[in-house]
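Here's the structure we're looking at; comments come further down.
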Amino acid sequence: MIAIILLSAITIGCSSLLPSAEETTESPWKSYADAKHAFDKIQPGQTTFVGLKELGFDPFENPNIRLIDYLEITRRFLPNQSITLQDLHPAMRTCLEAKTDCRGYEITPRMVRSKRYGNAVLDVFNFRRKTRRTGWSFAGLIILNSELVVYKLEGGEPNILELEDKKNPLGPFQDISVSPDIGL
C-alpha cells in the first residue's frame with residue numbers, strides 16, 4: 001500500500017521537478033510592446049544616427065543589434081532579377097545607389113520560456129515528454145543612408161505559444177542508434 005501511495009505521489013506531484021528553460025536575447029526591451037514602442041519612435045527621413053542611439057538602437061552599446069552592409073541590403077531587397085531597383089521605395093533606391101553610405105541595423109530581441117509538464121516518470125524515462133514554450137519575438141530592420149534613417153520594417157511574434165508532445169514507445173532505448181561501421 002505504501003508503494004502505491006509513493007508511486008502516485010511521484011507520478012502526480014513531481015511535475016514541478018521537470019526541467020524548464022528560459023531563452024533570452026539580451027536587449028533593453030523586456031516585452032514585445034516595449035520593443036515596438038521604441039521602434040515606433042523612429043521616423044524615416046527625420047531620425048538620425050544620433051537619434052537612434054538615444055532611442056536605444058546602438059549596436060555598440062546594446063547587445064544583439066546586427067550591423068548590415070549595403071551588399072546584404074541589396075540581397076534582401078533585390079533577391080532575384082524579377083525585382084528591379086525601380087520597384088523599390090524611392091528612399092531605398094537612393095540608399096542602394098549610395099553604396100557604402102547605405103547600411104542597416106537588424107534588431108531581434110526575444111524571450112522564450114520552455115517548461116516541461118505532464119507525468120514525471122514518463123518524462124524521466126523518455127517515454128513521453130510534453131513541452132510548452134511561451135514568450136515573444138520582435139524583428140526590426142532599420143536602413144540608414146549616411147546619418148539619416150530612410151526606411152524601417154518591423155515584424156515578429158507578439159505572443160508565442162508552442163506545445164510539443166514527443167512520444168517514444170521504446171522509452172530510453174528510442175535514441176539508441178547503430179553505427180554505420182557496425183554490420184548487422
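Side-chain atoms are counted along with the backbone in the values below, which use heavy atoms only and exclude waters and symmetry mates. Since the model is a prediction, treat every value here as computed from it, not as a measurement. Residue numbers run from 1 in the order of the sequence given.
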Legend entry - Short N-O contact, Glu164 and Arg133, less than 4.0 angstrom: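 A salt bridge links Glu164 with Arg133.
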
Legend entry - Lys/Arg-Asp/Glu bridge criterion (N-O < 4.0 Å) met for Lys53, Glu61: no

Would you say [Y] ends up clustered with [X] if hydrophobic residues are merged whenever their side chains have heavy atoms under 4.5 Å apart, either directly or through other cluster members?
X	Y	value
Leu55	Val149	yes
Phe138	Ile143	no
Leu78	Ile68	yes

Output the distance between atom [atom1] ([X]) and atom [atom2] ([Y]), rounded to the nearest 0.5 Å.
X	Y	atom1	atom2	value
Leu96	Thr74	CG	OG1	4.5 Å
Glu147	Leu52	CD	CG	10.0 Å
Arg128	Asn126	CZ	CG	13.0 Å
Tyr105	Phe49	OH	CZ	4.0 Å
Leu71	Lys99	CG	NZ	8.5 Å
Asp165	Leu163	CG	CG	9.0 Å

Closest heavy-atom pair and its distance - [X], [Y]:
X	Y	result
Lys30	Asp34	N-OD2, 3.4 Å
Lys152	Pro44	CG-CG, 4.1 Å
Leu144	Cys95	O-SG, 3.5 Å
Thr134	Arg132	CG2-NE, 3.7 Å
Ile73	Cys102	CD1-SG, 4.0 Å
Asn62	Phe57	ND2-N, 4.4 Å

Would you say [X] and [Y] make side-chain contact, with heavy atoms under 4.5 Å?
X	Y	result
Trp136	Pro109	yes
Trp29	Phe39	no
Glu154	Asp40	yes
Ser137	Val112	no
Ser27	Asn64	no
Glu97	Leu85	yes
Ile142	Thr47	no
Ile65	Asp58	no

Inset, instruction - Using a cut-off of 6.0 Å, state whether more than 12 heavy atoms not belonging to Arg76 lie near its atom CZ. - result: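 Check passes, neighbour count above 12.
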
Inset, instruction - Kindly check if the number of other-residue, nucleotide or ligand heavy atoms within 6.0 Å of NZ (Lys167) is above 12? - result: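 It does not: Lys167 NZ has 12 such atoms or fewer within range.
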
Inset, instruction - Would you check if the side chain of Arg93 reaches a backbone N or O of Leu88 as a donor-acceptor pair within less than 3.5 Å? - result: yes

Inset, instruction - Using modelled atom types only, decide if a donor and an acceptor are shared between the side chain of Asp69 and the backbone of Glu72 within a distance under 3.5 Å. - result: yes

Legend entry - Step-by-step side-chain contact (heavy atoms from CB on, under 4.5 Å) determination, Thr94 to Asn145: CA-CA 8 Å; Thr94 305; Asn145 189 354; 3.9 Å; yes

Legend entry - Derivation and outcome, side-chain contact (heavy atoms from CB on, under 4.5 Å), residues Phe60 and Leu67: CA-CA 10 Å; Phe60 300 102; Leu67 298 171; 3.9 Å; yes

